[in-house]
Structures are given as structure tokens and as C-alpha cells.
Amino acid sequence: MIKNFKTRFILKNQLTNDVFEFIFELIEPEEIEFQSGQFMMLDVLTADSFPQKRAYSIASPSFLRNKLRFCIKLIEDGVASTYFKNLKIGDTAKFQGPFGRFILDFASKKNLLFIATGTGVAPFIGMLEDIFEKKVDRKIEMYFGLRYEEDIFYQEILEKFAKEHNNFKYHLTVSRAKNDFKGLKGRITEYLDVKKYDLKNTQIYLCGGGEMVKEVRSKFLNAGFEKEEIFGELFYV
Ligand SMILES: Cc1cc2nc3c(=O)[nH]c(=O)nc-3n(C[C@H](O)[C@H](O)[C@H](O)COP(=O)(O)OP(=O)(O)OC[C@H]3O[C@@H](n4cnc5c(N)ncnc54)[C@H](O)[C@@H]3O)c2cc1C
């Protein structure tokens, strides 16, 4: 059920130059029920304009009920980004939610393909924590695309997941990596072999920049995948 939440900002973790985790403790109500993959709307209060709202995917798992973790890229001069930059530990913040249909179909047994660019990885972190906690044994493959090596984050946690869970395979691609970069250089679409995936037995989740989401969705639709099995969340166009 969608509710208003009063929260307290309790922790900030810097992940890269401009990507941060922000963690909020719920004050009223004290707990939230949501499905991993969903997002919250934040009331952005600014000194010089009317309050605005911004959407943020929940990066924490659904079994964590009393806190909300978000993974946010701060955009130069962005309205909400400026609000986050100025946020002090102990400040209160208001959210509404949970919203969205970018959620895992836990009833399905199909393989999962997760594709994220930038902070589009946020909902997948919560989903993966839920999947591993529930001991779901579906095959999961994930592509995570970033632009520069300096942009790399969540590498440790994703590699740890891959090491600890045989059903999870993870690939990082860096589109503008330097020549000596040891990993996959280029965009996700250069490595994604659509023919490799079982048409009738794969669910595809895409999250991040609009260009990637639209391009990858078209690739799978053109290859004959059902549109009902392709889920997308666009952070910006
Ligand atoms: C359902 C949903 C979930 C979202 N979840 C997240 C999330 O988990 N983490 C997150 O960082 N953002 C997320 N976003 C984007 C977020 O809502 C804001 O758009 C973003 O934080 C910029 O807000 P702002 O007020 O700082 O910038 P604004 O003042 O609104 O202007 C920012 C400009 O930057 C562009 N922009 C927005 N996001 C990005 C980006 N990531 N990279 C490059 N350019 C961008 C916009 O197109 C716009 O031109 C989500 C968006 C949606 C619709």
C-alpha cells in the first residue's frame, strides 16, 4: 500500500566521485512493505523553488523493513542532487511509496537476465539480496555498464555474490576504459548475444539510461522475446 513516510537520514557512503549510498531510517511509520525493484518518491525541498518530487529505486532488500537504502548519482546543479549534497546526518526527509511494477516475479522459474547502466544497478542490488535470502535457484546473469574505470562501484558486492552463488554470473563493461583495462571494454550491447538466451525461458530486466533500455528492449523484441517478459525502468531519457 502506498503511504507517506517520515524518515531520518542516518548514513552516506561515497562509492565514486559522484555516486553515493544514502540510508534513511523510518520514523513514521516505522516499517515499510515493498517488493524489491520498486521506487519511492522523495519530497525535495529547496530554498529557492517550490517543493519537487523525484523518484529513487530502493536499493535495499525487502526483508529490511525499518530502513531504506538508495544509490544515487549526484548531477551537477540538479535540484534533488543539490538537496542530497546539503543533507546532514539527522535531517528528516519525506518519501511516498512504494511505487512501480519493475518487480521480480518470484512465482516464475524462468532464467533471469539483469541489465543495468550507472545507478540503474540500484534495484538489482535489493533484488539479488532478496533472491539469495530466499535461496531462489534460478539462473541469473547480469550485465552492468559504466562509462569510465573511475565510475566503477558495487564491484566487490557483485563479485562476492558471483563467488558465493553458482547460479549468478556477472559481467562488468566499461565503454570508455583505457587500453590497459583488463575487463570488458565497450558497451553492454557489444557483448550481449541475444541468441544465447532461451526465448521461452528467460525474463529480462533493464534499468538505467533510456538509450540502453530502449535499445536492448528492441533487440530482444526483434529476436522474438515476448514483451511481457521484458521489464524496464528508465531513470532518464
Ligand atoms: C522510477 C525512477 C527511479 C529512479 N531511481 C534512481 C536511482 O535509484 N538513482 C539515481 O541516481 N537516479 C534515479 N532516478 C533519477 C532521479 O529521479 C533524478 O532524475 C536524478 O536524481 C536527477 O535529479 P535532479 O533533481 O538532481 O536533477 P534535475 O534537476 O531533474 O536535472 C537533471 C538532468 O540530468 C539528467 N539525469 C537524470 N538522472 C541522470 C543520471 N543518472 N545520469 C545522467 N543524467 C541524468 C536528467 O535527464 C536531467 O536532464 C530514477 C528515476 C526514475 C523515473
Side-chain angles (χ1 to χ4, degrees), residues 2 5 7 9 11-24 32 34-62 64 67-87 91 93-104 114-130 142 144-148 150-154 157-158 173-176 187-188 205-217 230-237:
I2 294 163
F5 289 87
T7 72
F9 170 47
L11 189 69
K12 175 158 113 177
N13 293 323
Q14 182 156 15
L15 304 178
T16 70
N17 187 36
D18 55 5
V19 175
F20 295 79
E21 276 185 335
F22 289 87
I23 298 172
F24 296 85
I32 181 166
F34 68 97
Q35 298 185 62
S36 47
Q38 289 192 294
F39 66 90
M40 301 293 285
M41 294 298 298
L42 167 72
D43 281 355
V44 184
L45 304 172
T46 60
D48 49 3
S49 73
F50 296 112
Q52 300 197 28
K53 290 191 187 295
R54 290 289 184 278
Y56 292 100
S57 292
I58 305 171
S60 38
S62 65
L64 188 69
K67 292 189 185 72
L68 287 168
R69 179 176 67 212
F70 301 99
C71 170
I72 298 173
K73 174 174 165 146
L74 301 188
I75 314 283
E76 194 71 37
D77 296 329
V79 174
S81 301
T82 305
Y83 166 87
F84 278 113
K85 268 182 211 157
N86 294 330
L87 206 57
D91 283 354
K94 281 191 184 151
F95 290 91
Q96 292 89 49
F99 295 101
R101 295 171 60 197
F102 187 73
I103 48 181
L104 265 190
F114 290 168
I115 303 183
T117 50
T119 49
V121 71
F124 294 120
I125 297 293
M127 283 182 181
L128 287 166
E129 288 187 58
D130 270 346
M142 176 164 177
F144 180 22
L146 293 165
R147 206 165 279 171
Y148 300 100
E150 303 82 74
D151 295 337
I152 297 175
F153 64 98
Y154 281 160
I157 177 115
L158 289 165
T173 69
V174 181
S175 58
R176 298 186 196 168
R187 298 169 70 221
I188 292 171
Y205 286 76
L206 313 170
C207 186
E211 200 184 321
M212 179 284 284
V213 172
K214 287 181 201 155
E215 189 179 340
V216 175
R217 183 171 184 271
I230 308 175
F231 304 83
E233 192 80 281
L234 266 79
F235 279 8
Y236 62 98
V237 282

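A quick note: this is a predicted structure, and the numbers were derived from the prediction, not measured. In listed order, ligands and their atoms are each counted from 1. These numbers come from the heavy atoms of this one structure, side chains and all, not from hydrogens, waters or symmetry mates.
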Quiz item: F124 and ring pair (Phe, Tyr, Trp, His ring centres under 6.0 Å): which partner among F144, F102, Y205, F231?
Solution: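 Of the listed residues F144, F102, Y205, F231, the ring pair (Phe, Tyr, Trp, His ring centres under 6.0 Å) partner of F124 is F102.
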When you measure from the side chain of [X] to the backbone of [Y], do you find a donor-acceptor pair of N or O atoms at a distance under 3.5 Å?
| X | Y | result |
| --- | --- | --- |
| T7 | A93 | yes |
| D91 | F9 | no |
| T117 | G209 | yes |

Self-check item: Set of side chain to side chain donor-acceptor pair (under 3.5 Å) partners for S60, sequence neighbours left out
Solution: none
Quiz item: For E211, does the CD atom sit with more than 12 other heavy atoms under 6.0 Å from it, leaving out its own atoms?
Solution: no
Exercise. Using a strict cut-off of under 4.0 Å between a residue heavy atom and any atom of ligand 1, list the qualifying protein residues by chain and number.
Key: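 For ligand 1, the residues that come within the 4.0 Å heavy-atom cutoff are F39, R54, A55, Y56, S57, C71, I72, K73, I75, G78, V79, A80, S81, T119, A122, E233, L234, F235, Y236.
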